[in-house]
Protein chains: 2
Amino acid sequence: MTVLSTKERILNSTEELVAESGFCDLTMRQISTHANTNLAAINYHFGSKQSLINHMLERRLDTLFEMRLKRLDELENGSEQPCLLRQVLKAFIEPALVISNDERMGGQRFMKILARAYAERSDFLHELLSSRYANVIKRFAAAIERACPPLDEQTVFWRFHFIIGALTYVMADFGAASKTSHMSEQEFFATCNHQLVDFAEAALSAPRRLSECQADTASSA
Amino acid sequence: MTVLSTKERILNSTEELVAESGFCDLTMRQISTHANTNLAAINYHFGSKQSLINHMLERRLDTLFEMRLKRLDELENGSEQPCLLRQVLKAFIEPALVISNDERMGGQRFMKILARAYAERSDFLHELLSSRYANVIKRFAAAIERACPPLDEQTVFWRFHFIIGALTYVMADFGAASKTSHMSEQEFFATCNHQLVDFAEAALSAPRRLSECQADTASSA
DNA sequence: GTCTATAAGCCGATAGAC
DNA sequence: GTCTATCGGCTTATAGAC
């Protein structure tokens with residue numbers, strides 16, 4: 001059992017409290033109590049409440065995007081060119097699930113927090129995504145485009161963002177959804193992973209404007 | 001120009017303020033100022049802040065689910081049996097976009113609010129969805145299942161929820177996303193609608209476990 | 001129904017001892 | 001680095017006049 005520094009305890013407590021009840025009710029006093037320290041210590045280490053929240057987001061997001069980039073690098077240095085669509089999607093989606101399954105990286109808490117930060121339109125998060133992580137996202141979009149020859153750039157862009165939406169949303173709703181299922185959290189997570197990768201692959205494999213061949217769809221049973 | 005009651009002005013102002021800057025910073029004073037009334041009037045009409053927020057959500061959600069149900073009814077009383085997948089998806093997705101395009105129904109504000117409420121895990125919203133609107137959601141899931149014969153119930157369930165996630169997410173991020181595009185808000189919205197329906201149809205038309213025929217996907221360029 | 005005024009309490013941030 | 005005590009400001013909710 002490692003002894004955590006006050007700074008780490010504050011970050012962990014912030015994560016736990018936000019995951020539990022959102023950003024709205026979050027107070028510095030709550031955090032300091034939960035982290036077994038005091039109000040002044042938080043301001044000493046982070047300067048302000050907003051700066052604390054930013055540090056909390058940055059810590060996990062750096063890990064997430066590093067993992068994604070590493071997997072994409074491995075894939076693009078591999079034998080297959082262009083990469084299989086499914087492999088690219090897994091490189092993007094699975095790191096989120098790995099983090100969610102590892103208690104040392106915040107466990108399932110972090111993805112809930114991320115979804116909330118998205119919905120709250122955190123300026124800081126938006127800035128982070130359009131600067132620090134923008135090149136990773138662009139590289140994924142390009143890899144997906146290469147792996148989906150029938151689709152134009154625009155359509156890949158839209159569908160990729162829809163998939164990010166689905167991923168974010170399902171992670172956020174995880175607690176509630178897993179309760180109504182009859183699986184253990186582990187099983188539910190594995191199922192979610194498979195279903196999401198299948199879903200993403202299905203959505204990106206189909207040609208544009210299926211409306212033009214509706215009859216096919218209806219009769220292909 | 002209709003003269004609005006104080007109650008309506010309060011609800012409208014609440015929507016506008018939440019859409020603009022989220023639930024976190026929302027204060028009763030802000031609302032009363034924006035609605036050209038005072039603090040006491042809000043408590044007179046709604047009793048408490050939470051009750052006001054609940055009324056705001058319920059007003060638009062009732063409209064949204066009524067529209068969805070009406071379109072599904074029309075579809076199921078029509079000639080085609082089972083309904084075309086695309087038509088069912090449109091019956092679910094388009095009412096959200098209709099509301100978003102109609103200033104009298106809250107315009108683009110409401111979908112942003114809904115996304116935020118989802119992410120905040122509003123107990124009230126969750127309860128509403130799993131009681132008052134549950135039967136509508138179940139009917140859509142059943143209609144989708146009938147229209148997608150190759151897919152099992154479980155997979156339809158997952159993919160339908162992923163699509164709800166994508167819809168919610170993209171509506172929430174609408175302002176930011178439309179700014180970076182080069183279209184007018186109207187154009188952006190229409191594009192979003194088409195892309196989302198195509199996306200949903202693509203995701204639900206593909207068979208399960210595409211992984212089993214990866215070679216096909218890779219070479220079908 | 002609508003208002004003013006105020007109660008009662010929590011907030012983030014900081015000063016200053018150790 | 002960590003603490004206690006406190007400041008100034010803002011919050012929701014309510015009492016009571018009109």
Side-chain angles (χ1 to χ4, degrees), chain A residues 1-59 113 116-117 119-125 127, chain B residues 1-59 113 116-117 119-125 127:
Chain A
M1 176 79 188
T2 327
V3 176
L4 299 175
S5 68
T6 298
K7 201 168 171 175
E8 285 172 310
R9 289 204 320 276
I10 292 171
L11 284 170
N12 290 342
S13 291
T14 308
E15 275 190 355
E16 284 184 45
L17 291 169
V18 173
E20 207 174 286
S21 37
F23 286 104
C24 290
D25 310 329
L26 186 71
T27 71
M28 308 267 280
R29 284 175 161 79
Q30 261 187 324
I31 298 168
S32 69
T33 303
H34 191 280
N36 255 311
T37 180
N38 60 79
L39 201 50
I42 300 180
N43 279 297
Y44 172 79
H45 284 290
F46 299 98
S48 73
K49 186 183 181 181
Q50 191 55 56
S51 165
L52 165 63
I53 292 172
N54 294 351
H55 276 86
M56 173 197 70
L57 289 174
E58 209 167 322
R59 180 172 65 151
I113 292 168
R116 293 186 163 177
E120 270 302 319
R121 288 241 226 308
S122 152
D123 285 342
F124 178 77
L125 176 62
E127 202 187 312
Chain B
M1 175 80 189
T2 326
V3 176
L4 299 175
S5 68
T6 300
K7 200 168 171 175
E8 286 172 309
R9 289 204 319 277
I10 292 171
L11 284 171
N12 290 343
S13 291
T14 308
E15 277 189 355
E16 285 186 44
L17 291 169
V18 173
E20 208 176 285
S21 36
F23 287 104
C24 290
D25 309 328
L26 186 71
T27 73
M28 308 267 279
R29 281 175 159 79
Q30 260 187 325
I31 298 168
S32 69
T33 303
H34 191 280
N36 257 310
T37 180
N38 60 79
L39 202 49
I42 301 180
N43 280 297
Y44 172 77
H45 284 290
F46 298 98
S48 72
K49 184 183 178 180
Q50 191 55 56
S51 166
L52 165 62
I53 291 172
N54 294 350
H55 277 86
M56 172 196 71
L57 289 173
E58 208 168 321
R59 178 173 66 151
I113 292 166
R116 292 186 165 179
E120 270 302 321
R121 287 240 222 310
S122 153
D123 285 342
F124 177 76
L125 176 62
E127 201 187 313

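Throughout, protein chains are lettered first and strands after them, A, B, ... in sequence-line order, and every chain is numbered starting at 1.
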Phosphate contact (C/dG12 OP1 or OP2) by A/S48 side-chain N/O below 4.0 Å: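 It does not, given that no N or O in the side chain of A/S48 lies less than 4.0 Å from OP1 or OP2 of C/dG12.
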Is A/T6 close enough to D/dT2 that one of its side-chain N or O atoms is under 4.0 Å from OP1 or OP2 there?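 A/T6 to D/dT2 OP1/OP2: side-chain N or O found under 4.0 Å.
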Non-hydrogen atoms of B/M28 and B/N43 that approach each other most closely: CE-ND2, 3.5 Å
In whole angstrom, what separates [X]'s [atom1] from [N]'s [atom2]?
{"X": "B/H45", "N": "C/dC3", "atom1": "NE2", "atom2": "C1'", "result": "12 Å"}
{"X": "A/N38", "N": "D/dT6", "atom1": "CG", "atom2": "P", "result": "16 Å"}
{"X": "B/L52", "N": "D/dA13", "atom1": "CG", "atom2": "C1'", "result": "14 Å"}
{"X": "B/N36", "N": "C/dT2", "atom1": "CG", "atom2": "P", "result": "13 Å"}
{"X": "A/I31", "N": "C/dG12", "atom1": "CD1", "atom2": "C1'", "result": "11 Å"}
{"X": "A/L39", "N": "D/dT2", "atom1": "CG", "atom2": "C1'", "result": "13 Å"}
{"X": "A/D25", "N": "C/dG9", "atom1": "CG", "atom2": "P", "result": "19 Å"}
{"X": "B/I10", "N": "C/dT2", "atom1": "CD1", "atom2": "P", "result": "8 Å"}

What's the separation between atom CD1 in A/I31 and atom CZ in A/R9, rounded to the nearest 0.5 Å? 13.5 Å
At 4.0 Å (heavy atoms only), tell me whether A/L26 reaches a base, stays on the sugar-phosphate, or touches nothing. sugar-phosphate
Out of D/dT6, C/dC3, D/dA13, minimum distance to the side chain of A/R29 belongs to D/dT6
Selected nucleotide, minimal atom distance to B/A40 side chain, candidates D/dC3, D/dA15, C/dT14: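 Per side-chain heavy atoms of B/A40, the pick is D/dA15.
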So do A/H55 and A/T14 actually touch side chain to side chain, heavy atoms under 4.5 Å?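 Side chain of A/T14 against side chain of A/H55, heavy atoms only: no contact under 4.5 Å found.
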State whether the number of non-hydrogen atoms from other residues, nucleotides or ligands found under 6.0 Å of B/H45 atom NE2 is greater than 12. yes
Enclosure of B/E8 CD (heavy-atom neighbours >12, cutoff 6.0 Å):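 Correct, the count exceeds 12.
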Modelled atom types, side-chain donor and acceptor of A/N12 and A/E16, under 3.5 Å: no
Kindly list each side-chain donor-acceptor pair under 3.5 angstrom involving residues 19-27 of chain A, sequence neighbours excluded, with atom names and distances?
unit_1 : atom_1 : unit_2 : atom_2 : d
A/S21  : OG     : A/L17  : O      : 3.4
A/T27  : OG1    : A/Q30  : N      : 3.1

Residue met sooner reading DNA chain C from 5', once A/T27 and A/Y44 are mapped to nucleotides: A/T27
So what does the secondary structure string of DNA chain C come out as, 5' to 3', with Watson-Crick or wobble pairs under 3.5 angstrom, [ ] for crossing and | for pairs with another strand? ||||||||||||||||||
